[in-house]
Amino acid sequence: MGKKGKRDKKGKGAEKTAAKMEKKVSRRAKKEEEDLEALIAEFQSLDAKKTQVIESSCPPPSPRLNCSLCAHPERDELILFGGEYFNGQKTYLYNELYIYHIKKNSWAKLEIPNPPPRRCAHQAAVVPTAGGQLWIFGGEFASPSGEQFYHYKDLWVLHLATKTWEQIKAPGGPSGRSGHRMVACKRQLIVFGGFHESARDYIYYNDVYAFHLDCFTWSKLAPAGIGPAPRSGCQMTPTPEGNIIIYGGYSKQRIKKDVDKGTLHTDMFLLKAEGAGKEEDRWTWSRLSPSGVKPPPRSGFSVATAPNNRCLLFGGVHDEEEEESIEGDFFNDIYFYDIGKNRWFPAQLKGPKAEKRKRRRGRQAEAEAAGDEELQLPPPQGPLEIVKEVVAEDGTVMTIKQLIPGAAEDRSGSEEEEEDEEEEGGALGQPVEPCPRSNAMVAVKHGVLYVYGGMFEVGDRQVTLSDLHSIDLHRMDQWKVLQEMDPKTQEWLEESESDEEEEDDDVEGAEGGEEEEESSEEESEDEEGEQQHPAVQPGEALPQYVARTEPYWLRLARSHMGPEAKDKKVLKVAHAMAKTFYEDPV
């Protein structure tokens, strides 16, 4: 009795603390949100000028994160909505609607009057009702500086047959949030978790709400049992029986002033509907202990429902916190969870079988004709590291590394097949799978997984992707590249590229004093006595010039800035010097 009383008291204390924190966050956020409401209203006034539906072919969407990607319930189309893009200085929010035509491998932009306000980190779910509906709830709007946030609690539906937006105003729904999860389950939309953040405070949720699609009403569920701790960005999957599976996610808590500790959750729960989901009080939480090989801990992973009563997890990042920095290990792997067997297992690419059999038969015939009794085979290949270099428009060279596991040794002659694949540029010789990334958008249509965009980091630079890949989940033979990443769309602005660069230079000059002047004089003397700047070759583009001559400009920038200057700052100045000379080689 004593222990139970203590547990109950502790539980009530935690509830009170959470309630106080929510009020505190709400008060501070209210002021911020009032400031942002004016900006949102300005954007909405621009949207109000749209009076007709316009669908037009267009290039692929520009890079963006935290948008939604859903498969049309009736057509061979994917629907992309919203998102954000950060270029190092400014945050851009979108409420654009794009349609990807699967059979044509082409994009179209769909402009519909009175759309939802610009947002990111929202949730979207499709249902087949009345020719298809796309439901959107919550998300956030950020100020251009990215320091203020407005969290939405509105609910919208896009009627796909009539191409009309409608805002559903029903009381009793979840509070404003982003990073939550929402799925369509039976005739309900189930919302779980998420977070609300102001400039100084934040709170994570583990509440559950249901929106009833038949009567357009919200209800807050009160499941029995012990459920997941508050979190965002988890996996949420409906089962055929009308239950809900929760896995993983991320949360953080403040351990002392200005110090937060993040948690990568790896636990798994089942939210079971005892009364077929009809009675809100008859839901129960229970903990799952799956067998098999679970995914390594990560955040920013993407999830989708897969064929054969499975769901899948793709990509993500595991951040390792050091003293003054955070290094992220990004993933591009796929893990399946078998709902019926309660088992995790990693996906294995098989490679195109028909072509392999042809090549194997051809090689055997050649060997027999030549009278070879034994064919010397190379040893099995281990993991293969692929290194790609992408040169952005500003000349920055981004190195993408990905580790490709060796082919599964479940067939004879696999070494031969790998060798043939390498000779012919096949999937195993030159992998075309997506590079490691987090926060990718995924959707499944006709058993094919589509992966759009995402992000990875190179030092302090964030690279936002806009490529599109697909893989047949039945065959699991090879990835297909439907849309490459365009380096020209990669923009990253540092302080040295803005007005702040001049301010920084002025401050550095004042602090440098006589030493600065002496170093500049020495540099000018060195330049007169040394070789001229590397010449621009005929037809050479800026990115190629910067990549080719970077060592020279780094030495020059270092001699100008001194040994104490940080490498990152030296690199920026070097690129700026190279760009200046490229544009005006005097």
Side-chain angles (χ1 to χ4, degrees), residues 59-72 76-80 83 98-107 295 298 300-307 310-317 330-336 346-352 384-390 398-405 407 421 425-457 463-490:
S62 60
R64 61 194 63 198
L65 279 177
N66 298 320
C67 51
S68 56
L69 184 69
C70 299
H72 194 296
D76 292 333
E77 298 174 349
L78 304 180
I79 307 166
L80 186 149
Y98 288 94
I99 305 296
Y100 175 71
H101 298 282
I102 294 175
K103 292 183 178 179
K104 299 178 181 178
N105 189 23
S106 64
W107 290 91
R298 64 188 71 187
F301 53 77
S302 308
V303 298
T305 300
R310 297 169 178 173
C311 58
L312 66 83
L313 177 153
F314 169 81
V317 60
F330 290 83
F331 301 94
N332 63 345
D333 48 2
I334 296 177
Y335 277 80
F336 287 106
Q348 294 288 340
L349 293 185
K350 302 174 184 176
L384 175 67
E385 184 177 64
I386 305 297
V387 180
K388 302 177 183 178
E389 287 192 350
V390 178
M398 298 173 289
T399 302
I400 304 173
K401 293 183 179 180
Q402 52 189 123
L403 193 66
I404 311 301
E421 291 278 358
L428 297 177
Q430 296 180 355
V432 295
E433 57 189 8
C435 69
R437 64 191 67 196
S438 69
N439 299 90
M441 279 56 68
V442 299
V444 173
K445 183 69 177 179
H446 298 317
V448 177
L449 170 68
Y450 296 86
V451 176
Y452 170 79
M455 62 83 72
F456 64 90
E457 294 169 346
V463 180
T464 304
L465 303 167
S466 59
D467 51 356
L468 181 63
H469 292 72
S470 70
I471 185 169
D472 190 315
L473 297 174
H474 293 290
R475 297 179 180 178
M476 287 302 295
D477 50 0
Q478 61 181 340
W479 284 95
K480 294 181 180 178
V481 182
L482 304 176
Q483 175 183 313
E484 291 275 12
M485 181 181 74
D486 184 0
K488 293 182 180 179
T489 62
Q490 294 301 316

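From a predicted model like this one, the values you see are computed outputs, not experimental measurements. Each residue takes its place number in the sequence, starting with 1.
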Visitor: What I want to check is whether the side chains of Tyr100 and Asn105 have a donor and an acceptor closer together than 3.5 Å.
Guide: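 The criterion, which ignores hydrogens and geometry beyond distance, is satisfied for Asn105 and Tyr100.
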
Visitor: Is the side chain of Asp76 donor-acceptor paired with the backbone N or O of Ile102 at a distance under 3.5 Å, no angle test?
Guide: no

Visitor: Can you see which heavy atom on Leu69 is nearest to which on Ala443, and at what distance?
Guide: O-CB, 3.8 Å

Visitor: If you measure from CG on Leu80 to CZ on Arg64, what distance do you get to the nearest 0.5 Å?
Guide: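 The CG atom of Leu80 sits 6.5 Å away from the CZ atom of Arg64.
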
Visitor: If I compare all heavy atoms of Glu433 with all of Leu349, which pair ends up nearest, and what's the gap?
Guide: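 Glu433 and Leu349 have their closest heavy atoms at OE1-CD1, 3.7 Å.
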
Visitor: Determine whether Ile79 and Ile99 make a side-chain contact, defined as any pair of heavy atoms from C-beta on separated by less than 4.5 Å.
Guide: yes

Visitor: Would a 4.5 Å heavy-atom cut-off, applied to side chains only, mark Leu449 and Trp479 as touching?
Guide: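 Of all side-chain heavy-atom pairs linking Trp479 with Leu449, at least one is under 4.5 Å.
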
Visitor: What's the spacing between Arg298 CZ and Tyr335 OH if we round to 0.5 Å?
Guide: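 Going from the CZ atom of Arg298 to the OH atom of Tyr335 covers 6.0 Å.
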
Visitor: Do the side chain of Arg437 and the main chain of Gly315 share a donor and acceptor less than 3.5 angstrom apart?
Guide: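 Side chain of Arg437 to backbone of Gly315: no pair is present.
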
Visitor: Which atoms form the tightest heavy-atom contact between Met441 and Ser302, and what is the distance?
Guide: N-OG, 4.5 Å

Visitor: Hey, what do you get for OG (Ser470) to CD (Gln483), rounding to the nearest 0.5 Å?
Guide: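 These two atoms lie 11.5 Å from each other.
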
Visitor: What's the shortest heavy-atom distance between Ile471 and Gln478, and which atoms?
Guide: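 That closest heavy-atom pairing would be CG1-O, 3.5 Å.
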
Visitor: Please step through side chain to side chain contact (heavy atoms under 4.5 Å, CB included) for the pair Val317 and Phe456, ending with a clear verdict.
Guide: CA-CA 9 Å; Val317 60; Phe456 64 90; over 6 Å; no

Visitor: Mind listing the closest non-hydrogen atom pair of Val444 and Ala71 along with its distance?
Guide: O-CB, 3.5 Å

Visitor: Taking atom OG of Ser438 and atom CG of Leu465, what is their separation to the nearest 0.5 Å?
Guide: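 Going from the OG atom of Ser438 to the CG atom of Leu465 covers 9.0 Å.
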
Visitor: If I take atom OG1 from residue Thr464 and atom CE from residue Met455, how far apart are they, to the nearest 0.5 angstrom?
Guide: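 Answer rounded to 0.5 Å: 6.5 Å.
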
Visitor: Any non-hydrogen side-chain atom of Tyr452 less than 4.5 Å from a side-chain atom of Leu78?
Guide: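 Not in contact.
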
Visitor: Tell me, with the steps shown, if Asn332 and Val451 meet side chain to side chain contact (heavy atoms under 4.5 Å, CB included).
Guide: CA-CA 10 Å; Asn332 63 345; Val451 176; over 6 Å; no

Visitor: Is there any salt bridge (charged side-chain N to carboxylate O under 4.0 Å, His left out) pair reaching into residues 441-454, and which pairs are they, with sequence neighbours excluded?
Guide: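 Listed once each, the pairs would be none.
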
Visitor: Minimum heavy-atom separation for Asp333 and Phe331, please, with both atom names.
Guide: OD1-CB, 3.4 Å

